[in-house]
Each structure stands twice: as C-alpha cells, then as structure tokens.
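The structure appears right after this line, and notes come after that.
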Amino acid sequence: MKRGLISPSERATPAIRRTLRAVQALLLGGLLLTGLGPMLWLAKAAITPTQDTLRAPLTIFPTGVDLANLVTAWTRVEIDKYFLNTVVLAAGSWLVQLVVATTAGYALAVLRPRYGPLVTAVVLGTLFVPAIVLLVPLYLTVVRTGMINTFWAVWLPAGASAFNVVLVQRFFANLPREVLEAARVDGAGPVRVFWSVVLPLSRPILGVVSVFAVVASWKDFLWPLLVLPDPAVQPLSVRLPALQRYVELDVFLAALAISSVIPVALFLVFQRLFLQSGALEGAVKG
C-alpha cells in the first residue's frame with residue numbers, strides 16, 4: 001500500500017477533504033493565471049486600439065474591438081511572408097530532427113552495434129557542451145560551405161540534437177523485444193522492421209519530438225539572425241524585433257499574436273501524445 005502525508009482515513013474527514021479541495025483549487029487557479037494569463041492578454045491586446053492598451057492594459061475592450069490590427073499586421077507589415085518563412089524553417093527542422101533522431105535511436109537501441117555504447121556515451125557527452133561554445137565553429141562551417149542565406153543553414157544544424165536522439169533511443173529500447181524478434185522471424189529486414197514495426201509503435205514519442213522540434217525552431221532567434229541576414233528569408237522571431245520601432249503598438253501586438261498561433265495549436269493537438277508517451281513507457285517497463 002502506498003503511503004502519503006495524509007492517510008485514507010484522514011482524507012475521509014470532511015474538514016480535511018474541504019481543505020484539500022481548496023488548496024487544489026488555489027493551485028489550479030494560480031497555474032491557469034500564470035500560464036494562460038499572458039497569452040489571453042496578448043489575444044485581447046491584439047484586437048484593442050493602442051490608446052486603450054496604454055491607458056487601461058487590464059480592462060477588457062474599454063472602447064470596443066479593432067480587428068483591423070490583424071489585417072494590417074498580415075498585409076502592411078508583411079507578416080504573411082515572414083510567417084511562411086517560419087513555417088518552412090520549422091517544417092524542415094522538424095523533418096531533419098525526426099529523421100536523425102529515429103535512425104540514430106533505432107541503430108543504438110535496436111540494432112545495437114558493438115560500438116553502440118561508445119557512441120551513446122559521446123552523444124550524452126555533447127549534452128554537457130554549452131551551445132554558445134559551438135556557435136563560432138558552426139558559423140564558420142556554414143560560411144565556408146556557402147549556406148549563408150539558405151534554409152539549409154538552419155535545417156542541418158537542427159538535426160544535431162543529442163537530446164532528441166537520447167529520448168528516442170530510450171523509448172526504442174523499451175519496446176517489446178518479442179515483437180521485433182517475431183518480425184525478424186517472418187523475414188523482415190532491419191529497414192522493414194524500422195518502418196513497419198518500430199515507427200508505428202512509436203507514435204507517442206514521435207509526437208513529443210515533433211512538438212519539441214517545431215517549437216524550438218519557431219522561437220529560435222540567435223542562429224537565424226546570424227545565418228539569414230537577408231530580411232527576405234528571415235523568420236518571425238528575427239523580423240518582429242526589427243519591425244517593432246516602425247509599427248504601432250496595437251499592430252505589433254497583433255503580429256505577436258499571429259506568430260503564437262502555431263505553437264499553441266501544436267501543443268493542443270499533440271498534448272495527448274505527451275501523456276501517451278509516459279503511459280506507454282511505463283506499461284512497457286512494467
């Protein structure tokens with residue numbers, strides 16, 4: 001029997017039960033306020049005139065709603081072009097990271113070559129190297145290979161994510177070995193096992209890695225700023241700070257709200273996969 005701070009008999013007491021519910025309600029309210037508060041305020045400010053935002057930032061639409069802010073941000077500020085650049089960058093980074101993480105994780109966790117532990121140790125070791133240390137050599141490599149002002153300068157370095165490789169490797173290592181052996185007995189080769197058995201069983205972790213990859217690429221600022229100096233190919237994370245001084249506050253906030261739509265939508269779509277990933281991993285270990 002699992003024991004906690006409060007025993008089942010104490011929990012059945014009406015006074016303690018009411019106290020626990022009150023504490024849980026306060027905690028939940030605090031989490032909602034700190035987590036959703038800024039996003040809800042941004043959504044409200046995006047369709048609020050500048051003067052209202054400055055005079056009464058916490059008042060809900062004191063003089064009405066101004067949907068023209070969104071239209072202006074999408075057209076005059078050319079958010080549509082930078083939005084498309086961001087989508088292309090995020091999609092490419094997602095694909096590269098997914099390919100590298102799944103193939104490397106499959107090789108280390110399922111194929112298990114003799115040098116696998118050494119490679120795993122090296123991959124784990126790179127997690128302790130600060131990203132800023134690699135910034136200069138990586139930038140010089142991009143310059144020498146002529147990838148400046150191309151999306152490849154963002155896509156290829158994004159694939160070198162040791163965290164994703166370790167995450168996928170651990171999930172693959174916990175898959176039922178009986179299923180993999182049965183596929184091999186039926187004549188499936190390594191590629192067939194990977195494509196037809198491992199990947200279908202790994203949809204939860206693929207969803208988790210996908211969310212991590214897209215959100216990280218969507219909000220990345222420093223690296224796109226260095227390797228994409230041409231404004232025509234820059235993403236929202238780079239262009240919005242540069243445009244802030246040239247546009248009105250309400251239009252700028254509308255642009256920020258538009259740029260936040262994709263990460264929020266991705267989390268809402270894939271939130272179940274985070275829970276399924278943990279549940280499935282626990283079930284496999286059990």
Same cluster (ILVMFWY, side-chain, under 4.5 Å), [X] and [Y]:
| X | Y | value |
| --- | --- | --- |
| Val261 | Leu42 | no |
| Leu36 | Leu33 | no |
| Leu156 | Phe151 | yes |
| Leu249 | Val65 | yes |
| Leu111 | Ile205 | yes |

[X] (side chain) donor-acceptor with [Y] (main chain) under 3.5 angstrom:
| X | Y | answer |
| --- | --- | --- |
| Asp186 | Ala188 | no |
| Thr86 | Leu236 | yes |
| Trp223 | Leu135 | no |
| Asp52 | Phe61 | no |
| Lys44 | Thr59 | yes |
| Thr145 | Val142 | yes |
| Thr141 | Pro137 | yes |
| Ser93 | Ala90 | no |
| Gln234 | Leu228 | yes |

Which heavy-atom pair separates [X] from [Y] by the least distance, and what is that distance?
| X | Y | value |
| --- | --- | --- |
| Thr126 | Ala162 | OG1-CB, 3.2 Å |
| Asn149 | Asp230 | OD1-N, 2.9 Å |
| Asp250 | Pro49 | OD2-CA, 4.1 Å |

Test side chain to side chain contact (heavy atoms under 4.5 Å, CB included) applied to Val168 and Val209, Val208, Val100, the passing residue: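 Testing each of Val209, Val208, Val100 against Val168, the sole residue satisfying side chain to side chain contact (heavy atoms under 4.5 Å, CB included) is Val209.
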Pick one: which of Leu180, Val198, Leu167 meets side chain to side chain contact (heavy atoms under 4.5 Å, CB included) with Phe172?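 Per the side chain to side chain contact (heavy atoms under 4.5 Å, CB included) rule, the option paired with Phe172 is Val198, out of Leu180, Val198, Leu167.
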Please indicate whether [X] has more than 12 foreign heavy atoms, meaning atoms of other residues, nucleotides or ligands, lying under 6.0 Å from its [atom1].
| X | atom1 | value |
| --- | --- | --- |
| Arg184 | CZ | yes |
| Ile60 | CD1 | no |
| Lys219 | NZ | no |
| Trp74 | CH2 | yes |
| Arg245 | CZ | no |

Please tell me if the side chains of [X] and [Y] come closer than 4.5 Å, counting only heavy atoms from C-beta onward.
| X | Y | answer |
| --- | --- | --- |
| Leu20 | Ile16 | yes |
| Arg239 | Asn85 | no |
| Pro241 | Phe221 | yes |
| Val179 | Val197 | yes |
| Thr150 | Trp155 | no |

Between [atom1] of [X] and [atom2] of [Y], what distance do you get to the nearest 0.5 Å?
| X | Y | atom1 | atom2 | value |
| --- | --- | --- | --- | --- |
| Leu108 | Arg170 | CG | CZ | 15.5 Å |
| Glu248 | Leu253 | CD | CG | 11.5 Å |
| Arg55 | Thr50 | CZ | OG1 | 10.5 Å |
| Trp41 | Thr48 | CH2 | OG1 | 8.5 Å |
| Asp66 | Thr72 | CG | OG1 | 7.5 Å |
| Gln24 | Leu28 | CD | CG | 9.0 Å |

Would you say the ring centroid of Tyr82 lies under 6.0 angstrom from that of Trp218?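 For Tyr82 and Trp218, the ring centres are not under 6.0 Å apart.
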Walk me through whether Thr63 and Gln51 qualify under side-chain contact (heavy atoms from CB on, under 4.5 Å). CA-CA 10 Å; Thr63 61; Gln51 295 303 320; over 6 Å; no
Sorted by first residue and then second, give each side-chain hydrogen bond (donor to acceptor under 3.5 Å, both in side chains) pair with at least one member in residues 94-118; sequence neighbours left out.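 Only Trp94-Ser210, Gln97-Asn164 qualify under side-chain hydrogen bond (donor to acceptor under 3.5 Å, both in side chains).
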Please test Leu243 against Phe252 for side-chain contact (heavy atoms from CB on, under 4.5 Å), starting from the C-alpha separation and ending with a verdict. CA-CA 8 Å; Leu243 294 172; Phe252 179 69; 5.6 Å; no
